[in-house]
Structure formats: C-alpha cells, structure tokens
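Any value given below was found using the heavy atoms of this structure, including those in side chains, with hydrogens, waters and symmetry copies removed.
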Amino acid sequence: MLPARAIEVDAGVALPVAFGGLRKILQACEDAAPEAVRPLARQRPSEWNRLFPGSIQGAPDLTDLALTPSERRLHRESEEIFWILNLAARAIVETLRVSGRPLVIHGAGECDLVSLRAVMRAAEWGRLEQLEGRILLTGWNVRRPHYAACFEERRRAFLDSLCERMRTARPGGGVGPVSGRALEPAVDLEGRYLRHVVDDEAPLEHRIAAAVLAIRGCFFTTNYEGALLAAERGLALLDAAGDALAPARVLEGWDALDTGFTTPAIEIDRTSLGDAEELRVLFERGIGVVHVFTGQHDEALEAFGRGLERRAPPERLAHLHMFRALTRTKRLAQMPDARAEVEAGLKLLEGTRETGLRLLHEAWLRNVYALTYFLEKKLDLAQEQEKLAMRCVGDLHDASATHLKINLISNASYLQETARNYPASIAIWRRFEKISENWGANFAKHHRYRLAALQMANGEREAAVSSYTEAYECAGQLGDPLHQQVIAADLGLHLLDAQPATAAQWFSRAAEHGRVTGDPLRVAQSLAGQVLAEGSRDWTEALRCANASTTTPAETEPLVQALSRGDAEAVRKALPRARSKLNRPFDAVNLY
C-alpha cells in the first residue's frame with residue numbers, strides 16, 4: 001500500500017553511473033517543492049554542478065573546496081562526495097518538510113548505490129528533524145541490464161545494511177529478473193565512459209580505453225560497482241581481442257575520450273596504457289583497490305596477485321606489491337607479510353635504470369615500509385625508511401612526487417608526536433608554512449588544526465586556542481560546517497574544566513553546525529558537552545538526537561546509555577576525544 005499524495009519517482013538506471021538515480025529523485029523533489037530545492041542549489045552551487053553539470057554558471061570547482069580519496073594511501077573517504085550527498089539529503093528532507101508529502105522511490109534494485117547512500121543520509125537527517133518514516137523504497141529485486149557480476153552478492157549485503165541504517169524493511173526474496181531498461185543519456189564524463197564500455201558498435205580498443213577512464217572516474221565518485229563493471233568488461237574485451245589487440249588503437253581511443261585530467265590521487269593517465277599484459281595489470285589493480293575499499297581484503301590480495309603474474313615493466317609490478325603491502329598493513333595488521341611485499345617490490349626495481357618513475361615507486365614502497373615499523377612502535381626504523389624515501393624524491397618535482405613529499409613531512413611530524421617530542425613535531429609541521437604562503441583556506445584549515453593539537457599537547461594553551469580559532473574561521477570561509485563542528489567541539493573539550501562558560505559557547509556552536517549537516521550523533525555529543533559545561537543536567541534533547549543516529553552504533557550506544565542514566569562522568573567518557581588530524585571518515589554517507 002503506497003501512502004496517499006506521495007511524491008513518486010522511478011530511480012532505476014540501466015548503467016551504475018554515480019548520481020544517476022539521485023538526479024531523478026532531486027528533479028522530482030524540485031517539481032514538488034521548488035521553493036525548498038532551488039535555494040539550496042544556489043547556496044551550494046559547486047555540489048549542485050556536480051549533480052547537474054553546467055546548471056549554475058561561475059561556481060567554483062568542488063576540488064577547490066574539498067578533498068578527494070587517495071588510491072596511493074588507500075583512503076576511500078571523499079569529502080567531495082560527502083558534500084554532494086549531504087546537499088542531496090538536505091534537499092530531500094526540505095522537500096518532505098515543505099510539501100508535507102512522503103517520498104516513494106521505485107526501482108531501488110536498479111538504482112546506483114551512490115545515490116542510495118544519499119537517501120540513507122536523508123532518512124537519518126529526517127529523524128533528527130522529526131520527519132521519521134517519510135521515505136519508502138520499492139522494487140528491490142529487479143536488476144538493471146548492466147552490472148558487475150563480481151559485485152552482485154556484495155551489493156545485496158550493502159542494500160541490507162542500507163535498510164538497517166534507514167530503519168526500514170529489508171529487501172525480501174531472492175535475486176530477481178534483469179530489466180529491459182534503456183540506457184539514459186550521459187550527462188557527465190563517467191556516464192559517457194560507461195556507455196562507451198557497453199557499446200557493442202564501438203571499436204573494441206576504444207571500449208578498452210573507455211573502461212580505464214571509467215575506473216578513474218568512478219574512483220572519484222566512490223562508485224565501486226561502476227568501477228568493477230568497467231574492469232570486468234575491460235578484461236573480457238582483452239580476452240576477445242587476443243593477439244589481435246592493437247595498443248595504438250587503445251591510445252587513439254584514449255585521445256578521443258580523455259579530457260587531459262591528471263592527479264596524484266589516482267595515477268591513471270595516458271602513460272598507464274600499454275600492451276595487453278600492462279592493461280590487464282591496470283584492470284586487476286582497479287579491481288583490487290575496489291575490494292579493499294569495500295572490505296574484501298582477501299579478494300583484493302588475489303586481484304593484485306593476478307596482476308603480478310603478468311609480464312609488465314618492473315615499476316608496474318612494484319606498484320602492485322605496494323598495494324598488497326598497504327592492504328596487509330592498514331587493513332589486516334600483517335606487518336611481517338607487508339614488509340615481505342615491500343622487499344619483493346624493491347627487488348623488482350633493483351638493477352633498473354634510475355629514472356624518476358623508478359625512484360618514485362621506490363619512495364612509495366619505503367613509505368609503506370616506514371608505516372609497518374611505525375605501527376609496531378619501532379620509531380627509529382620508521383624514521384630511517386622515511387629518510388630513504390625522501391632521498392628518492394628530493395629532486396623530483398612532478399605532482400606525484402610533491403604529493404609524496406607532503407606525506408613524508410607529515411609522517412615525520414607524526415613520528416615525533418608519537419615519541420612525545422612535541423617541539424620537534426611542531427617544528428617539522430611548520431615547514432609547510434615555509435613551502436608556500438598561498439596554500440589557501442582548505443590547506444590552512446587542516447594545518448592550523450593539527451598545529452593547535454600539538455601546541456595543546458606541548459602546554460601552549462593560549463597559542464593552541466588561537467590556532468584552533470584560525471582553523472575554525474578557515475572552515476567558515478569555505479562554508480564547511482562539518483569541520484567547524486569538529487573544531488568547536490574540540491575547543492569545548494579542551495576548555496571544559498578551566499573555562500566552562502567559554503566551553504559551553506563552543507559546544508553550542510558545535511551543536512548548531514551539527515544540525516546544519518543533519519548529523520544527530522554530532523548534535524547529541526555537542527549538546528551533551530554543553531550540558532556538562534553549564535551544569536544543568538537536562539539530557540532530554542541530547543538523548544533524543546542520539547537515539548536518532550544509526551551511522552556508528554559502537555560510538556552511539558555508550559552515549560545513549562550514559563544519557564539515559566543521567567551519569568555525567570559516563571557522558572564525558574562517551575564524548576569523542578580531540579585528535580591531531582582533522583580528516584574524519586565520512587561515515588554518514590559510507591556503507592562499506
């Protein structure tokens with residue numbers, strides 16, 4: 001039974017293009033409540049332009065305001081995608097509020113997961129705003145005509161998790177039929193690339209080039225099912241081509257499709273292409289990275305291992321050993337095995353010509369080597385490897401080398417922080433100020449936050465408060481209430497005992513920023529901190545907000561229990577501790 005007067009929309013798509021279903025949902029919301037949606041688009045034009053390219057002229061590019069994932073560091077978290085999905089969620093919530101009508105989303109089984117994560121975010125936001133149960137999804141068991149076979153089982157598990165987070169009924173029944181849904185027109189590059197991959201009329205080598213480009217595009221939209229579809233089809237196309245593959249035709253297809261985009265966050269560009277063996281390495285690497293990001297670590301190691309069986313230049317194979325080492329280090333805590341992977345990669349590079357590419361790959365391997373020792377608290381050995389890594393890239397100045405140098409400086413500071421040598425950690429961290437005076441507000445936000453944490457640890461309380469305030473103001477310049485909430489809450493914690501009245505003001509600001517981003521847990525934590533600072537002991541609203549949260553149960557449950565008992569000391573222990581890095585996992589929009 002569908003609710004009366006519902007806003008109904010079919011969010012199914014033929015291809016798993018990120019935001020494909022979400023665009024349909026937002027258009028339905030705009031039709032139902034233009035007075036709610038259109039002002040939001042004007043308020044956040046950078047995000048809106050990623051959803052609807054070219055719809056708002058003159059908007060700054062989102063890459064200037066927010067951070068991307070990093071393949072080299074296996075960081076799937078994307079601040080850019082958080083802001084896009086959060087804007088979409090807010091538009092859905094405002095539509096529910098203004099129209100007074102529920103939203104029925106059909107074709108859920110054919111909707112891309114990136115879009116459904118925005119719907120999940122909207123459901124939690126709606127609970128914060130006392131708009132529970134206004135979103136209904138139907139059509140779970142119909143599958144789209146184009147999908148990644150190796151992702152289907154995981155997709156079903158993710159849909160179950162999504163429903164649990166939304167507090168709605170899980171999709172019942174088995175796997176349903178494949179629909180005959182037609183392909184939608186491409187509205188962005190990712191859609192263009194994926195359409196080309198499945199186009200049986202296009203030249204085979206051009207489709208292979210499109211598959212590589214699609215993997216790159218899907219990386220930045222955190223579209224893992226799209227990336228796996230592209231990799232699966234790419235490998236199948238290589239099988240179909242056999243010895244007849246013409247690498248020059250792959251390059252020709254790349255040149256016809258590529259926009260010239262390059263970034264050290266994912267090193268896929270024209271130089272990544274090669275013969276069939278090198279292309280297989282590239283596709284297996286893409287599959288492995290997706291498996292890491294979606295929690296399938298054994299499958300990731302297998303994919304990287306399949307790539308290592310190919311005949312490819314030593315730098316490419318060393319790169320795969322680095323990914324295997326990172327997976328064993330960051331996900332599996334297998335330090336000796338990780339070091340063995342690094343050593344295998346370094347051995348491959350022995351005797352090769354000392355080019356910039358070779359030095360770069362050695363530096364990244366040694367950086368992972370250092371990480372294994374750091375996690376074992378063998379700080380001297382970690383520092384030794386970091387110095388060797390810096391020696392490799394000291395004279396390199398391309399984007400990838402610069403990216404690594406920034407990483408190495410940061411790591412050197414963390415090593416000193418771990419050793420509790422705070423003056424040295426601060427001195428290293430301040431090297432960034434000498435590198436450039438034009439980092440911009442986004443970099444300054446992160447830099448000042450860490451500087452503040454180190455100053456606080458070093459007993460420089462007044463300087464730390466000043467640095468925190470600078471970081472807070474930088475976040476405000478960027479229109480970034482997410483990090484304003486974190487910074488304000490940290491200041492509240494630091495000032496709670498010595499200056500409770502000032503702490504209460506910062507907690508109040510933190511709660512307001514939490515409401516702006518629709519995060520019930522952050523609102524609850526901030527309100528609880530404010531109550532502690534004021535000494536009022538009225539936990540009612542904090543408890544209501546905490547009960548609305550489903551993002552991180554392990555973090556939420558202790559707070560709910562403490563608030564329910566009215567135990568001030570337990571509440572304080574349940575609040576998140578201040579940290580020395582501003583980066584946060586974007587759990588509110590992550591399923592994986």
Side-chain angles (χ1 to χ4, degrees), residues 7-34 36-38 40-41 43-56 62 66 78-96 102-126 134-140 144 146-147 155 158-159 162-163 165-166 168 181 183-192 194 217-218 220-227 518 586 588-592:
I7 302 166
E8 295 188 60
V9 57
D10 175 8
V13 287
L15 272 170
V17 177
F19 318 129
L22 190 54
R23 291 181 177 109
K24 296 181 178 184
I25 294 168
L26 292 177
Q27 285 169 344
C29 288
E30 185 173 6
D31 290 343
V37 176
R38 289 173 187 168
L40 293 178
Q43 288 173 26
R44 308 291 301 199
S46 300
E47 292 92 324
W48 195 260
N49 264 359
R50 288 289 293 272
L51 291 164
F52 300 98
S55 59
I56 299 178
L62 191 54
S78 173
E79 187 181 352
E80 290 185 7
I81 297 305
F82 171 81
W83 287 120
I84 293 168
L85 298 186
N86 223 50
L87 169 63
R90 185 178 176 191
I92 293 170
V93 170
E94 290 301 314
T95 298
L96 298 177
L103 174 64
V104 176
I105 299 171
H106 301 294
E110 296 178 89
C111 187
D112 64 287
L113 275 179
V114 183
S115 294
L116 289 177
R117 285 158 53 198
V119 177
M120 174 187 76
R121 178 82 270 274
E124 184 178 53
W125 197 326
R134 306 286 185 91
I135 303 172
L136 178 68
L137 294 98
T138 75
W140 287 110
R144 71 173 78 84
H146 300 287
Y147 56 88
R155 176 179 167 83
F158 289 139
L159 292 178
L162 179 138
C163 290
R165 293 264 293 269
M166 291 183 65
T168 189
R181 187 183 294 273
L183 288 172
E184 299 83 9
V187 300
D188 60 10
L189 286 173
E190 183 180 306
R192 179 188 176 200
L194 285 172
C218 290
F220 286 101
T221 58
T222 63
N223 180 12
Y224 304 128
E225 53 185 339
F586 297 100
V589 297
N590 277 341
L591 262 177
Y592 312 110

Listed once per pair and sorted, the salt bridge (Lys or Arg N to Asp or Glu O under 4.0 Å) pairs that draw on residues 83-92, sequence neighbours left out: none

Value rounded to 0.5 Å, distance of [atom1] in [X] from [atom2] in [Y]:
| X | Y | atom1 | atom2 | result |
| --- | --- | --- | --- | --- |
| K24 | H106 | NZ | NE2 | 12.0 Å |
| R181 | D10 | CZ | CG | 4.0 Å |
| E79 | I84 | CD | CD1 | 11.0 Å |
| F19 | I25 | CZ | CD1 | 12.5 Å |
| R44 | I56 | CZ | CD1 | 11.5 Å |

Residues forming a ring pair (Phe, Tyr, Trp, His ring centres under 6.0 Å) with F586, sequence neighbours excluded: F82

Nearest heavy atoms of [X] and [Y], plus distance in Å:
| X | Y | value |
| --- | --- | --- |
| A28 | V9 | CB-CB, 3.8 Å |
| H146 | L183 | CD2-CD2, 3.8 Å |
| S115 | L22 | OG-N, 2.8 Å |
| P53 | D188 | CG-CB, 4.2 Å |
| L116 | L137 | CD2-CD2, 3.6 Å |
| I105 | I135 | CD1-CG2, 4.1 Å |

Flag side-chain contact, heavy atom, 4.5 Å: [X] against [Y]:
| X | Y | result |
| --- | --- | --- |
| V187 | F52 | no |
| L103 | R134 | no |
| W48 | L87 | yes |
| C29 | I92 | yes |
| I81 | F220 | no |
| L159 | L591 | no |
| C163 | W140 | yes |
| N86 | R121 | yes |

Chi angles and distances behind the side-chain contact (heavy atoms from CB on, under 4.5 Å) call for T138, V104: CA-CA 7 Å; T138 75; V104 176; 4.1 Å; yes

R155: partners by side chain to side chain donor-acceptor pair (under 3.5 Å), with sequence neighbours left out: E225

